[in-house]
> 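Pasting a structure below so you can have a look.
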Amino acid sequence: MEKYNPQAIEPKWQKVWDEQGVFAAEEDKAKKKFFGLIEFPYPSGDGLHTGHLRSNTAMDIICRKRRMQGYNVLYPIGFDAFGLPTENYAIKKKIKPQEATAKNIATFTKQLKEAGFSFDWSRSFSTTDEDYYKWTQWIFVQMFKRGLAEKKKETINWCTSCKIGLANEEVVNGVCERCGGEVVKKIKEQWVLKITKYADRLIKDLDTVDYLERIKTQQVNWIGKSVGAEIRFKIYDLRFKNEPLDELVVFTTRPDTLFGATFMVVAPEHQLISNFQDTISNFQEVKNYIEEAKKKSDLERTDLNKEKTGVEIKGIKAINPVNGQEIPIFVADYVMMGYGTGAIMAVPAHDERDYEFAKKYNISIKEVVAPLIKKETKDDKPTEKRDVVCAIVKDVKKNQILCLNWKKTGWKAFPMGGTDGENLIDAARREVREETGYKNIRFVKKIGEPFYQNFWRPHKDSNVFGKFETLFFELEDYEKDEVNEKEKEQHEAVWIDEDKVKEFINVSGPELIWQRYSGLDEKCFLGEGIAINSGEFNGLSTTEFKEKIVNWLKETVLGKKQIQYKLHDWIFSRQRYWGEPIPLIFCANCKKLAENPKSEIRNPKLNEGEILNPGWYVEENLPVVLPDIDDYLPTDEGDSPLAKKEDWVKTKCPVCGEEARRETDVMPNWAGSNWYFIRYTDPKNDQMMVDPAKAKYWLPVDWYNGGMEHTTLHLLYSRFVWKFLYDIGAVPKECGVEPYAKRTAHGMILGEGGVKMSKSKGNVINPDEYVKKYGADTLRVYEMFMGPFDQPIAWEDKSVNGVYRFLNRIWLLQDKLQAPSSKLQINSKSQIPNPKLVTLLHQTIKKVGEDIEEMKFNTAVAQMMILLNELEKQEEISATHYSLFIILLSPFAPHLAEELWQKLGHKESIQKENWPEYDVNLIKAEEFELVVQINGKVREKILVPAEIGEAEVKELTMKNEKVLKWLNGQEPKKIIYVKGKLVSMVI
RNA sequence: GCCCAGGUGGCGGAACUGGUAGACGCACAGGACUUAAAAUCCUGCGACUUCGGUCAUGCGGGUUCGAUUCCCGCCCUGGGCACCA
């Protein structure tokens with residue numbers, strides 16, 4: 001027999017697949033469709049990465065299995081080729097991006113084909129193809145026409161190294177996400193897409209899809225929805241208090257703490273300051289502070305460890321609308337202009353940042369939420385509202401505190417009880433006397449604000465909703481009354497050293513009391529609770545309060561309910577060359593006319609986007625082709641290099657015919673990649689973006705696998721674009737509101753030793769070398785076997801060889817093959833002499849099939865290895881068993897499987913075979929090893945028939961020599977039998 | 001700081017719903033074949049051991065006949081978010 005020679009068989013089969021177009025997908029209504037998608041690669045100059053291979057192989061395995069399961073499978077491939085990396089690569093190599101792209105795509109194509117992926121190459125395209133980006137531009141035009149695109153003066157993040165504006169999303173830790181370069185603020189006119197209009201749907205519709213939970217969480221967090229209120233605070237000039245100067249609007253998620261707002265803070269960029277510079281008495285000081293703040297980079301400003309700083313804005317005051325209190329206004333850089341209104345009401349008692357600030361600048365702190373300690377309550381029992389007083393009694397001489405030890409419940413607490421309408425001090429004295437006998441105690445002071453507790457009392461079998469007040473007493477003498485029997489039964493009084501009280505107490509209410517008494521309760525209370533010091537709202541729970549105050553604000557026109565998002569409009573302009581031109585034209589003349597209210601000249605065809613952006617019109621003649629220019633280098637001024645090409649920029653206004661100019665910004669990299677999967681279903685259509693009939697058949701994507709690094713931005717953007725296309729009917733309603741039914745993510749492949757691969761470290765793995773040395777099948781199986789698919793994993797060179805050995809041993813198995821039989825007989829034990837092997841075979845069919853579905857490829861491969869080990873032990877192997885094994889292997893190592901299949905005498909591709917099904921009855925072994933545990937330790941294993949009954953098991957084990965020895969004459973106190981597994985004895 | 005993963009032999013990792021910890025592979029050691037090497041095949045491979053066993057899944061507790069798995073507290077690693085009001 002010839003040797004296993006992947007270098008010969010792999011190209012052979014790749015050629016066959018290619019020539020016969022076996023993976024080309026056609027719509028076929030008779031078959032169920034499956035659309036498997038991987039993130040299309042960015043054809044960089046570095047060539048294909050091992051990470052691409054891992055993700056592609058995984059989806060390839062799934063798609064190959066689906067085909068064998070009878071699905072009509074679409075597994076497409078394309079290239080995401082616009083953008084900075086290529087442009088920078090081209091600059092470095094002194095070639096044009098067009099040239100670089102073509103070269104890189106050729107390399108990638110070759111490499112991808114050599115890996116044996118079952119892509120439908122007939123549908124392949126690049127985002128840089130004119131007939132593709134025509135439709136990318138078309139989508140932008142549709143958004144523009146519907147008012148979702150707007151040119152706005154934006155404070156943008158300008159990467160000084162890439163020389164482009166970055167979306168907020170692309171700034172990581174204050175530096176550029178891709179190059180790590182310095183990011184500065186710059187004001188520029190930018191096209192933005194109003195993704196925020198879709199924020200709610202982007203959260204809500206996550207309920208309809210099957211994404212990994214952490215991906216959903218990331219999406220939700222990124223959108224960052226907060227429900228709260230907008231509240232207007234009136235601002236007064238201290239010299240003229242009858243008329244408000246202005247209003248300061250804030251957003252808060254805790255309108256229920258409004259009574260506790262003791263100051264306000266505005267961001268350094270806030271308008272208020274420049275608006276009232278004449279009124280502000282310390283304007284110079286404020287201005288200095290703002291200058292200082294400006295100098296700090298975003299990174300410094302957002303450093304959480306930094307101490308908070310700020311300056312009071314003097315000469316003006318705000319009025320707390322709910323209680324009329326006059327409160328100071330500060331400027332401080334812990335408030336950001338970019339979120340909410342850039343101003344806050346500060347509630348130091350219930351917000352950590354405000355607390356820290358208030359402590360530093362000595363601003364009053366007012367508690368308005370009392371903690372509610374929720375314990376176990378019983379819904380079927382009555383709930384009693386009570387005012388409870390709690391007494392801390394101190395023996396000053398001995399430095400001891402009077403505590404109570406509850407006998408039945410085990411509570412360790414202080415004397416306390418209901419007030420029954422008495423005043424607090426009297427009630428406390430009475431409780432102390434009743435519970436402990438001590439008669440003479442002197443009231444010293446009240447400790448803190450009240451708190452609430454909701455709990456079930458076993459000794460009275462009812463629930464209590466109690467308001468707890470704490471009083472502090474000093475013991476005057478030891479004179480005491482006899483405590484009555486009933487009280488004695490329940491608890492005993494004990495004196496505990498003051499420094500041991502903390503350990504003694506074991507109930508959360510008294511724990512809180514003690515914290516407050518000993519001054520350890522430093523931090524503010526952030527949780528929900530019951531309103532105090534809040535006038536008519538006292539006693540309301542946080543939830544009730546929020547609802548009521550929002551209504552009150554609405555009635556008094558002092559505010560309203562408000563929802564805030566962290567998500568910002570999506571900055572869609574890039575001032576570089578290698579991207580899709582934004583297909584718009586600007587006419588200065590039209591803008592002037594549009595802004596003149598008396599103007600008669602109006603474009604009758606004007607639509608929403610154009611009203612929003614006066615003077616801007618869409619280029620109806622798409623595509624706007626990216627001109628081929630020689631000097632495509634970015635400019636320092638931040639204009640696109642396209643601006644230099646005057647003959648391209650100059651055009652006629654489509655409305656008034658006057659001289660007009662083209663937009664020179666291009667689209668970001670995301671533009672082409674957020675709808676590519678749609679185009680795969682109809683890649684050649686020159687009449688429309690996609691034929692609805694084809695879209696209807698293939699979409700949505702059934703399974704989308706990609707990197708974790710794309711699960712916020714790319715995923716969010718493409719979901720947004722999909723929803724928009726859905727709304728305008730460009731994708732049919734039947735496709736659903738979400739583009740991807742299922743999304744999974746693979747873990748990154750790290751370099752040897754667990755460090756990130758990078759060119760500078762010189763630890764980049766080049767797949768070509770491995771294909772050459774071991775073949776693509778080995779590489780594929782290795783990348784599946786190396787570890788859990790969803791976790792990052794280090795490349796281990798020496799392990800690749802083990803996988804090669806595995807494939808080679810399968811090849812060598814041919815030696816043991818019986819003469820091929822014509823009939824597959826796998827479902828009967830009696831006809832086959834080796835029932836154990838049949839069981840293992842069926843277990844393997846089950847395990848491999850299920851593991852592929854769960855992307856547990858590593859254990860699927862391990863199971864096939866187990867089967868191989870068993871097959872190798874046989875003298876002879878039936879063709880049936882062998883065939884089944886090869887079929888299971890085929891998605892993983894398609895070339896080898898195809899070759900062996902042909903050697904078995906088959907003319908058709910193994911891909912035409914059906915994926916095997918296992919027989920539930922055959923997975924079960926006829927015997928099993930019964931484990932005998934004595935006192936939790938394994939002492940013996942006995943081989944028993946599978947259907948053994950409990951009585952038999954007991955009989956068998958009690959006769960067993962080893963068991964008898966361990967029992968040592970004793971009768972087991974307890975015998976537990978777990979069917980089919982073990983028997984556990986306790987002696 | 002908050003959220004999410006995770007911590008198991010020399011290494012990558014297995015382990016269903018609480019039921020034999022270490023599947024499978026790598027590395028290593030010994031042996032066979034070979035003039036020799038590679039390849040291949042066979043055997044062994046958590047630690048300790050008085051060879052009966054004992055201890056072992058980051059650390060400390062708990063629940064249980066039984067815990068890698070569940071509960072409480074802590075330590076460490078990776079990832080995400082980060083003054084979001």
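Chain naming here is simple, since letters A, B, ... match the order of the sequence lines and numbering starts at 1 in each. Nothing here was measured: the structure is a model prediction, and the numbers come from that model.
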> On a whole-Å scale, what distance lies between the C1' atoms belonging to B/G25 and B/A14?
11 Å
> Assuming nearest nucleotide by heavy-atom distance, tell me which of A/Thr217 and A/Tyr565 is located more 5' along RNA chain B.
A/Thr217
> Between A/Tyr334 and A/Lys308, is there a cation-pi geometry (under 6.0 Å to ring centre, at most 45° from the normal)?
yes
> For the residue pair A/Lys225 and A/Ile563, establish whether any side-chain heavy-atom pair is separated by less than 4.5 Å.
yes
> Looking at the angle O4'-C1'-N9-C4 for a purine or O4'-C1'-N1-C2 for a pyrimidine, is B/G52 syn or anti, with syn meaning within 90° of 0?
syn
> Using the P atoms only, state how far B/G78 lies from B/G61, rounded to an integer number of Å.
28 Å
> Relative to each other, are the rings of A/Phe789 and A/Phe857 parallel, tilted or perpendicular (30° and 60° limits)?
perpendicular
> List the steps, then state whether salt bridge (charged side-chain N to carboxylate O under 4.0 Å, His left out) holds for A/Glu356 with A/Lys360.
CA-CA 6 Å; A/Glu356 200 189 311; A/Lys360 185 172 171 187; over 6 Å; no
> Under 4.0 Å, heavy atoms only, any strand: does A/Ile793 hit a base, just the sugar-phosphate, or nothing?
sugar-phosphate
> What's the closest nucleotide to the A/Lys308 side chain, out of B/C65, B/C83, B/A85?
B/C83
> Among B/C65, B/G80, B/C83, which is the nearest nucleotide to the side chain of A/Lys974?
B/C65
> Between the side chains of A/Glu39 and A/His710, is a donor N or O closer than 3.5 angstrom to an acceptor N or O?
yes
> Could you write nucleotides 15-27 of chain B as a row of B, S and -, 5' to 3', where a protein heavy atom under 4.0 Å of any base atom gives B, of only sugar-phosphate atoms gives S, and otherwise -?
-B--BB--BBSSS
> At under 4.0 Å between heavy atoms, which parts of nucleotides 50-56 of chain B does protein reach? Answer with one letter per nucleotide, 5' to 3': B base, S sugar-phosphate only, - none.
---SSS-
> State yes or no: are the ring centers of A/Trp222 and A/Tyr565 separated by less than 6.0 Å?
no
> Has the side chain of A/Lys973 got a donor or acceptor that lies under 3.5 Å from a partner of the other kind on the base of B/C65?
no
> Mind telling me whether A/His350 and A/Phe525 have parallel, tilted or perpendicular rings, with 30° and 60° as the class edges?
perpendicular
> Just checking, is any N or O donor in the side chain of A/His746 or A/Asp790 under 3.5 Å from an acceptor N or O on the other one?
no
> Distance only, no hydrogens: is a donor on one side chain within 3.5 Å (strictly under) of an acceptor on the other, for A/Gln564 and A/Ser226?
no
> Pick the closest RNA chain B nucleotide for A/Ile344 and for A/Arg214 by heavy atoms, then say which residue is nearer the 5' end.
A/Arg214
